Each structure stands twice: as C-alpha cells, then as structure tokens.
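What you are looking at is a predicted structure, and each value in this text was computed from that prediction instead of being measured.
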Amino acid sequence: MTGVLVPVNPSRTLSDTITYAAREAAATDGELHLVRTVPGHYVTEAPPADVLAQLEESAEVANGEIDDLVVHTAALGADVYVSGPREHAGLIIEYAEDHDVDRVIVDPSYSLDATAPELYSIERVFRGLPIAYEHALVESSSRVPTRGEFIRGGVIGVIAFLFYIALGGPTYPFALATGVVTALIAAILLRNVSFESTPAIGSALRIAARSAVFVPFLLWEITKANVQFAYVVLHPSLPIDPYLDEVEMAVGSGLSVTAVANAITLTPGTLTVDADGHHLLVHSLNGAAREDLLDGLHEGAVRNLFYGSDAVELSGPGERGDYQPIAGPAAVTDGGESIDGSEFPHDGESIEDDLDSDADTEVPE
C-alpha cells in the first residue's frame, strides 16, 4: 500500500499542506500518515495532551478534505531522548520504513522545533539521509508571527527587560524607555533561536514554584560538598580517588539536561566534562562524590524541578545501569570487566570510543 507521510508541527501553512497531501494520497488510493516528534526520556508514558490535540486537529483537516481517506496519526519519540534535528529526522525515517510509506511531503514552513526553518532548514536535516521528500505546493502566507512566536518573544522580552533593570536599576523615563526598546529588539531577533519548544505558561509557573525547593536544596548540597572537599584537600594523605563516568541522565529536554549538568558542576567534587545528548561525561573527585552521582542526587532534584514529585520515584543511574566507567577503579578493561573485577552493567558505547575514533582521524594540513 502506497502512502503519504506529513511531519506535523504548528505553522502558518500546515493546514494547506495537509489539504494538499490528502489530495495527493487520495489520487493514488493511498493512506495519509500525520506524525509529530515529541522528545521525552523517562518523562511521560504518553505524548503531551497538546501534541495529541494537534494531531487530532490535523486529522480532522484531512478528513474534511477527503471523506473516505484513511488517516493515521502518530506521536514519535515519547519514550526516548531526542537531542537534535537529525534524531528527529531519524524517527520520521523509521516510521516511514515501518509503514511502507513511499512519499514524504513537507510543509514549506516546517521546523523540527521552535527554531526558525530559515536557521536550520529541512534540506540540511535530511541531507545524506535515506529519505526522499518534497515540499507541498502551497503558497506561503504573509510573514505574520504565530501565537508561539508571540509567546516566545514575550518571554524573551520580559527576561531581557528584567535583566536590564537588574544591571543598572534605572528609574528615570529615558532609561526605562531604552530598556523597553532593547527588550523588544531582543524579542524580535531571538524568538526563534532561544527555545526548543514554545514555553507553556502553566508548566513555567509550576517550575518556578518548585524552584523555591530546588535552589535551597542545591545550595545545601553545595555546602555539604564544600565541607567534604575541604576535608580531602586538607587531609595529609590527600584521599583523592578520581573517577570518570559516562552517565545517561533521565531527563527529556535540552533545558533539563543543562540544569542537571550545571548542578553536577556546581557541586564540589563532581564536574561535567562533556555532554552528548542526555549522556554526560562526569569526573568525580572520590568515591563518595561518585556515589552521590550514581544514586541520582543531582538528577532527582532536576527531575523534581521539571516534572514534579512523582518523577523522583525513578531509581538513580547506578541502580538502572545507565552509566559506563571510563577511568578510575571501576573502568572497563579490554576484556569487558572492570579493574576491580565487577561486570560492567551498561551496553552503550562510551564517549571514550568517540575520542579514540577522533584521535585516529588524520587532520589535513
């Protein structure tokens, strides 16, 4: 059975694109597949309600155009972490292969996240990937900002203005007017740059409320770690036992990954060295610091901040086996066992492998 696949994301030309794709599918007696990528990793068991509502609305548009057209909708990636546009594209390719879809029609205004398509074009995303696609033959609408752009621009404008006030504390009218103009410029220029997705007001307010618990908790952990760090440094024998681990964090967005990486770095004794998606390369000063890391001390706090108290029930990376020793007493040897004789719990590739492969690459003069 031939079919037409349309990646769905809110845009000014989405409805026209679905209408065009529905006609194309009906002309070949095929089915229409509407899919949307929704990154999530240990976050939710089902796609967010707004994503499902968008897919349902899109299906209604297609059915309204062709009454007897078979329309399938699917949310992709709710159970995995999607760290970049090419991984979004990979989910679309996998769906197309699984459902024998031989044609992909892309909305001219389609973007994989809140980034403007002009900044990261679909051509760049699909370049070199085993997928053939075509743009829908629809007219682009006038460049009127979407509701999402207004929200993102408003958030950036407010933050920029508050930052301006915090820096200088101006009180006279000209300075305040200058701050407003500066905030408006920042909002216009950065509305399609600074976000993976459009902020939801309710979710943002819940995160802000939970930060009242997160910040004191983090400060307390930093204080405790400073005491432990001072003990190690001042002890005559310097009981330093460094470790380097690749840890898979159970978070589902770039912002939450950034938060957990910074929480690790701000806590003395641990340092985030590198990040690849939700995999962090973390250096621990000693066994106690590493134990806190693998018990999910930082990860649990960030999960509570972003997803609520129910999300804290998830076990830490150590218990889940979501880590790989790179260096230190628990590092993996060539024989597949750790130096201390224990078996390695994780099957994923390590960042060390990437470093080795990079080292073997010749650099042209």
Side-chain angles (χ1 to χ4, degrees), residues 38-44 48 77-84 87 113-115 151-152 155-156 158-160 162-163 166 190 193-226 245-284 289-320 322-323 351:
V38 283
H41 179 66
Y42 288 118
V43 177
T44 59
D79 58 343
V80 297
Y81 179 87
V82 187
S83 62
E87 293 188 17
D113 50 28
T115 301
I151 293 175
R152 297 194 296 271
V155 171
I156 292 174
V158 170
I159 293 175
L162 293 177
F163 184 69
L190 301 179
V193 177
S194 302
F195 294 98
E196 288 181 303
S197 59
T198 301
I201 302 301
S203 176
L205 291 176
R206 287 191 292 271
I207 292 174
R210 290 193 288 264
S211 67
V213 176
F214 174 76
V215 173
F217 171 81
L218 183 61
L219 292 175
W220 172 243
E221 291 300 327
I222 291 174
T223 301
K224 289 196 304 180
N226 269 304
D245 297 277
E246 180 187 357
V247 185
E248 181 180 349
M249 293 298 173
V251 290
S253 68
L255 187 59
S256 57
V257 170
T258 301
V260 73
N262 285 332
I264 290 171
T265 298
L266 288 172
T267 306
T270 52
L271 173 68
T272 302
V273 178
D274 195 9
D276 181 10
H278 62 289
H279 292 84
L280 302 183
L281 187 62
V282 181
H283 178 274
S284 304
R290 181 174 185 261
E291 184 177 349
D292 287 342
L293 172 70
L294 298 184
D295 284 345
L297 175 70
H298 315 86
E299 178 191 80
V302 172
R303 283 181 60 80
N304 179 71
L305 174 65
F306 282 88
Y307 314 122
S309 57
D310 291 342
V312 183
E313 297 177 1
L314 182 70
S315 57
E319 186 176 341
R320 300 195 308 266
D322 286 344
Y323 73 99
I351 295 180

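- Considering only residues two or more places apart in sequence or on other chains, Ile159 meets the side chain to side chain contact (heavy atoms under 4.5 Å, CB included) condition with Val155.
- The distance from the NE2 atom of His298 to the OG1 atom of Thr265 is 9.0 Å, given to the nearest 0.5 Å.
- Thr267 approaches Ala225 most closely through the heavy-atom pair CG2-CB, 3.5 Å.
- Going from atom CD1 of Ile222 over to atom CG of Leu266 covers 5.0 Å, rounded to the nearest 0.5 Å.
- Residues Pro268 and Asn226 approach most closely at CG-OD1, 3.4 Å, considering heavy atoms.
- Asn304 contributes no side-chain N or O that, together with a main-chain N or O of Gly300, makes up a donor-acceptor pair within less than 3.5 Å.
- Pairs passing the ring pair (Phe, Tyr, Trp, His ring centres under 6.0 Å) check and including a residue from residues 249-278, sequence neighbours excluded, read His41-His278, Tyr81-His278.
- A search for side chain to side chain contact (heavy atoms under 4.5 Å, CB included) contacts involving Leu255 returns Ser253, Phe306, not counting sequence neighbours.
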Steps toward side-chain contact (heavy atoms from CB on, under 4.5 Å) verdict (Val302, Val257): CA-CA 9 Å; Val302 172; Val257 170; over 6 Å; no
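- Distance check, rounded to the nearest 0.5 Å: CG of Asp322 to CG of Asp245 gives 12.5 Å.
- Under the rule for a ring-ring contact (aromatic ring centres under 6.0 Å, His included), Tyr307 has no partner lying at least two apart in sequence or in another chain.
- At least one donor-acceptor pair under 3.5 Å links the side chain of Ser211 to the backbone N or O of Ala208.
- Between Asp276 atom CG and Leu281 atom CG the span is 10.0 Å, to the nearest 0.5 Å.
- Side-chain contact between Asp292 and Thr270 is absent, with no heavy atoms from C-beta onward closer than 4.5 Å.
- For the salt bridge (Lys or Arg N to Asp or Glu O under 4.0 Å) condition, the pairs that include at least one residue of residues 201-226, sequence neighbours left out, are Glu221-Lys224.
- Considering CG of Leu293 and CE of Met249, their distance stands at 5.0 Å, rounded to 0.5 Å.
- Between Phe217 atom CZ and Trp220 atom CH2 the span is 11.0 Å, to the nearest 0.5 Å.
- In this structure Ala250 satisfies the side chain to side chain contact (heavy atoms under 4.5 Å, CB included) test together with Tyr42, Glu299, Arg303, Leu314, Arg320, sequence neighbours excluded.
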